[in-house]
Amino acid sequence: MWIITALSREPGRAFLNSAKSAAVYFVGLHIRGLWLNSWMASERVSSARSNTFSRPPLVETWAPISMSDDSERDEKVRVRFAPSPTGLLHIGGARTALYNWLQARHDGGAMILRIEDTDRERSTPDNVEQILDALRWLELEWDEGPKSQYERGDRHVEVLGSLLASGAAYRDPATSQDVKAWKDRHGADRGYRGEASDDPGAAVRLRVPDDGDTIVQDLIRGEVRFPNAAADDFVIARGDGSVLYNFAVAVDDADMGITDVIRGDDHLSNTPKQLLVMEAMGVEPPRYAHLPLLHGPDGKKLSKRNGAASVQELRERGYLPAAVRNYLALLGWGTGDDTTVMSTEQLIERFDVSDVGRSSAIFDEQKLRWLNGRFMREMALDEYTAVVARHLGREPDERLRAACSIVQDKAQTLNEVWPLVAFLFEEPVTDEKAWRKVMKDGAFPLLEEAHAALSGVDPFEPGQIERALASVLAERDVKPGKLYQPIRVAITGGTVSPGIFESLAALGREAALRRMRRALDRDRKARRNG
RNA sequence: GGCCCCGUGGUGUAACGGUUAGCACGCGAGGUUUUCAACCUCGUAGCGCGGGUUCGACUCCCGCCGGGGCUACCA
């Protein structure tokens, strides 16, 4: 019945990945009593549920398979993004947020935003706002929160009290120096064990079992074992009563009904601690998925010097949120086929965190640029104009719309738009190098003829303009570039611009003729003086 | 040092014991062309190393090397 349930709910890869475990599970089921006892004794199993069925539970009493178990598995997925507000949202953090969001949307679940602000010095309102700002720009809307971990302090104290009462945790006056000394005596691969004390000012440690492994069933890594004997009885609350990260996270994830913890690889080593806390609390832990970390172009940590570091930096560089989402999604995750360009809807449809790869990836801005260009070109003109207007801080008026229409298939990023169309909005500054290169002697008679030809063009639109200039070309029997480049320099100031007919049309006849005249005057003046 | 993770071209990935190791970015050449892009075609470059297992390993096992994370009364 279970296999059938699993098959019908989650066909495909997730099931296949789990098939082996399912077999183990079944064997276990049949010799349940004996098997479970020995398992619990030897391994202190604490693990995530897989995609398709429950793993052996944490609790000491075995809950028989029942309908209620099935309904529990149908619960809505709840993921969380839980950044600590240390400043700008880094790209790695953005990817973590994206993967959480995609998984939540894919499963029709909820994403909870929780700010890990128990470190009061780092957690300034400004830092929190930076994170929210970045998430809003990326259009990763959360369903609950932002919740402050700090504000849940009462609850943390409450749980702390009950763990103390049950003996799962104890007060230990040993300082970190004491622990270090203990390790020098007992070896670095042996976990510290303290002595319980009545000292109310002593730090609180969680009791870690002396034998067995704590097992993380990771959706990405598979089974990862951490020997309990090597783990310290770790501090969960300071002497002053304030709680520590690994404790607060476990309590919060449990309380908030998180079903899937999707976070960076740097937390993998924290996971057994959090599992141990949840086991002490008597709650079932969520599933875990630890994403490989992101690195800069040189393989080192991502930083300002080393490629773009923050989300706001990507915004400043003129990237589109949709392109960033697509790119980030591809960093460590693939579709299985050769699809690379995907709308957000497609990402949501296809994404599953269990398909994420295991190796760390390098952030490569060149590919982002290419992808961004794809998204820029595929946008409808109205949308494109609106986005460009917002980026430039301008009104999306007709003139900007016209500018956008001639530049859309050229710009890879929003930052590249303005330099290409600025000539439509302000008098161009002539690039002297371009002038010397293009405005050779033969150029001016051609320019003069073009001026005459264009003055009669009506309506002043690309097709008519092209025809008028083509006749000049035919008459003089010169190559197009000989005529078009001088015009380009005359009206834009440089050698690079959108298509010349479109550029002329967008500029308008009056301004175009004026600028061409001015170029001719400059030449005449130069002759007179030279 | 201890514990843990990872290792296919420059980059992101596919391959799940049998393929000429596929795709995309980049890069190079050519084409198109009014500039620059875009676009089209072709090309370039890879299984970290060494042992096994197997008729056969990128795929499985072991060792090594390399990269990374954690190792706080930080998060």
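All chains are named by letter (A, B, ...) in the order of the sequence lines, taking the proteins before the strands, and each is independently numbered beginning at 1. Only this structure's heavy atoms are used, side chains among them; waters, hydrogens and symmetry mates stay out.
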- Taking the side chain of A:Asp266 as its heavy atoms from C-beta onward, which of B:C4, B:C6, B:C70 lies nearest to it? B:C70
Output side-chain donor-acceptor pairs under 3.5 Å for residues 145-153 of chain A, partner residues at least two apart or in another chain, one line each.
| unit_1 | atom_1 | unit_2 | atom_2 | d |
| --- | --- | --- | --- | --- |
| A:Lys147 | NZ | A:Glu144 | OE1 | 3.3 |
| A:Ser148 | OG | A:Asp117 | OD1 | 3.4 |
| A:Ser148 | OG | A:Asp117 | OD2 | 2.7 |
| A:Ser148 | OG | A:Tyr150 | N | 3.3 |
| A:Ser148 | OG | A:Glu151 | N | 3.1 |
| A:Gln149 | NE2 | A:Asp252 | OD2 | 2.8 |
| A:Arg152 | NE | A:Asp252 | OD1 | 2.6 |
| A:Arg152 | NH2 | A:Asp252 | OD1 | 2.9 |
| A:Arg152 | NH2 | A:Asp255 | OD2 | 2.7 |

- Query: Which nucleotide in the list B:C4, B:A75, B:U71 gets nearest to the side chain of A:Asn270?
  - Reply: B:A75
- Message: The criterion is side-chain hydrogen bond (donor to acceptor under 3.5 Å, both in side chains); which residues satisfy it with A:Asp253, sequence neighbours excluded?
- Response: A:Arg80, A:Arg114
Between N or O atoms, less than 3.5 Å apart, protein on one side and nucleotides 28-30 of chain B on the other: list the pairs.
none

- Message: With a 6.0 Å cut-off on the ring centroids, do A:Phe81 and A:Trp142 count as close?
- Response: no
- The side-chain hydrogen bond (donor to acceptor under 3.5 Å, both in side chains) partners of A:Arg476 (sequence neighbours excluded) come to A:Glu449
- Task: Kindly indicate whether the side chain of A:Asp431, heavy atoms from C-beta on, has any atom under 4.5 Å from the side chain of A:Trp435.
- Result: no
- Message: Please give the distance between the P atoms of B:A57 and B:G48 as a whole number of Å.
- Response: 16 Å
- With a 4.0 Å cut-off, would you call A:Glu365 and A:Arg369 a salt bridge? no
- Per atom distances to the A:Arg238 side chain, the nearest of B:C5, B:U34, B:A75 is B:A75
- Item | By side chain to side chain contact (heavy atoms under 4.5 Å, CB included) - contacts of A:Thr492 (at least two apart) | A:Phe423, A:Arg488, A:Ser497
- Message: Measuring only the C1' atom in each nucleotide, how far is B:C6 from B:C64? A whole number of Å is fine.
- Response: 16 Å
- Item | Short side-chain donor-acceptor distance under 3.5 Å, A:Asp199 and A:Ser197 | no
- Task: State whether A:Lys183 and A:Asp232 are salt-bridged, where the test is any N-O pair (Lys NZ or Arg NE/NH1/NH2 against Asp/Glu carboxylate O) under 4.0 Å.
- Result: yes
- Minimum-distance nucleotide (side-chain atoms of A:Ser176 versus B:C73, B:A37, B:G68): B:C73
- Heavy-atom distance under 4.5 Å between the side chains of A:Gln217 and A:Tyr288, does that happen here? no
- Query: Can a salt bridge be assigned to the pair A:Arg193 and A:Asp233 using a cut-off of 4.0 Å between side-chain N and carboxylate O?
  - Reply: yes
- B:U13 versus B:A21 - spacing of their C1' atoms, nearest Å: 13 Å
- Query: In Å and rounded to the nearest 0.5 Å, what is the CG to SG distance from A:Leu420 to A:Cys404?
  - Reply: 11.5 Å
- Residue pairs fulfilling ring pair (Phe, Tyr, Trp, His ring centres under 6.0 Å) with at least one residue in residues 463-484 of chain A, sequence neighbours excluded: A:Tyr484-A:Phe501
- Closest listed nucleotide, where the reference is the side chain of A:Arg488 and the choices are B:U35, B:C3, B:A75: B:U35
Please list, pair by pair, any protein nitrogen or oxygen found under 3.5 Å from a nitrogen or oxygen in nucleotides 59-64 of chain B.
none

- Message: Going by ring pair (Phe, Tyr, Trp, His ring centres under 6.0 Å), name the pairs with one or both residues in residues 187-207 of chain A, residues two or more places apart or in two chains.
- Response: A:Trp182-A:Tyr192
- For the side chain of A:Asp338, starting at C-beta, report the closest nucleotide among B:C5, B:U34, B:G22. B:G22
- Query: What's the closest nucleotide to the A:Asp119 side chain, out of B:A38, B:U34, B:C74?
  - Reply: B:C74
Distances under 3.5 Å only, N/O to N/O: pair up the protein atoms with those of nucleotides 9-12 of chain B.
| unit_1 | atom_1 | unit_2 | atom_2 | d |
| --- | --- | --- | --- | --- |
| B:G12 | OP1 | A:Ile362 | N | 3.0 |
| B:G12 | O2' | A:Leu330 | O | 2.8 |

- Query: So does A:Asp218 pair up with A:Arg287, basic N to acidic O under 4.0 Å?
  - Reply: no
- Note on the structure: Among B:C5, B:U34, B:G2, the one nearest any side-chain atom of A:Ala188 is B:G2
- Item | Option from A:Asn372, A:Thr413, A:Ile91 for which side-chain contact (heavy atoms from CB on, under 4.5 Å) with A:Leu314 holds | A:Ile91
- Task: Give the rounded distance in Å between these two atoms: OH of A:Tyr245 and P of B:U71.
- Result: 11 Å
- A:Ser269 side chain near B:U71 phosphate (N/O to OP1/OP2, under 4.0 Å): no
- If you check every side-chain atom of A:Thr118, which of B:C4, B:A75, B:C36 has the closest atom? B:A75
- Query: Of the nucleotides B:C6, B:U34, B:A75, which has the atom closest to the A:Asn246 side chain?
  - Reply: B:A75
- Query: B:C3 and B:C58: how far apart are their P atoms, nearest whole angstrom?
  - Reply: 31 Å
- Partners meeting ring-ring contact (aromatic ring centres under 6.0 Å, His included) with A:His391 (sequence neighbours left out): none
- Query: Would you write out the dot-bracket form of RNA chain B, 5' to 3', with Watson-Crick and G-U pairs under 3.5 Å, [ ] for crossing pairs, | for pairs to other strands and . for unpaired bases?
  - Reply: (((((((..((((....[...))))((((((.......))))))...(((((..]....))))))))))))....
- Item | Same-atom distance (C1') from B:G31 to B:C65, integer angstrom | 47 Å
- Can you check each nucleotide of nucleotides 39-47 of chain B against protein heavy atoms at under 4.0 Å and return B for base, S for sugar-phosphate only, - for none, in 5' to 3' order? S--------
